[in-house]
Amino acid sequence: MDPITLLTVVVLSVFVGFEVVSKVTSKLHTPLMSGANAIHGIILVGAIIVAGQTSDPWLLAIALVAVVLATANLVGGFVVTDRMLEMFGGRKRARPRPGAGEGGA
């Protein structure tokens, strides 16, 4: 394919992905992130395989950038998922402050 066609596919994919994710209710964001993390793990493995098999220095540099970006995406997804799961947990009782409620001086 020519570069214009590839660029068109990428731009349209970004728009479609944004529209799909923005319409998801907050209750479904955690399962959606879990699925996305699984996909990002597969992408990371693929980037590592490509980096290990190439001998061209330019392709190695691009593959290593892909490994770094995929790793950042995967770790970020787990951080966001962890924060979202904390939202669904029960509220913890506040501990009484030392010295509070002991009466007058």
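Keep in mind it's a predicted model, so treat the numbers as computed, not measured.
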So the side-chain hydrogen bond (donor to acceptor under 3.5 Å, both in side chains) pairs with at least one residue in residues 4-17 (sequence neighbours excluded) are D2-T5
Within 6.0 angstrom of I4 CD1, more than 12 heavy atoms from elsewhere: no
When rounded to the nearest 0.5 Å, the distance separating CG of N73 from CD1 of I39 is 11.0 Å
Shortest non-hydrogen pair, I43 vs A70, comes out as CG2-CB, 4.2 Å
side-chain contact (heavy atoms from CB on, under 4.5 Å) filter on Q53, not counting sequence neighbours, yields I49
Just by distance, do the side chain of T54 and the backbone of V50 share a donor-acceptor pair under 3.5 Å?
no
### Query
Going by heavy atoms in the side chains, are F15 and V11 under 4.5 Å from each other?
yes
CG (L7) and CG (L12) are apart, to the nearest 0.5 Å, by 9.5 Å
Closest non-hydrogen contact found for V67 with L44 is O-CD1, 3.6 Å
Note to self: side-chain contact (heavy atoms from CB on, under 4.5 Å) for L64 and V68? Distances and angles first, verdict last.
What the structure shows: CA-CA 6 Å; L64 291 177; V68 169; 5.7 Å; no
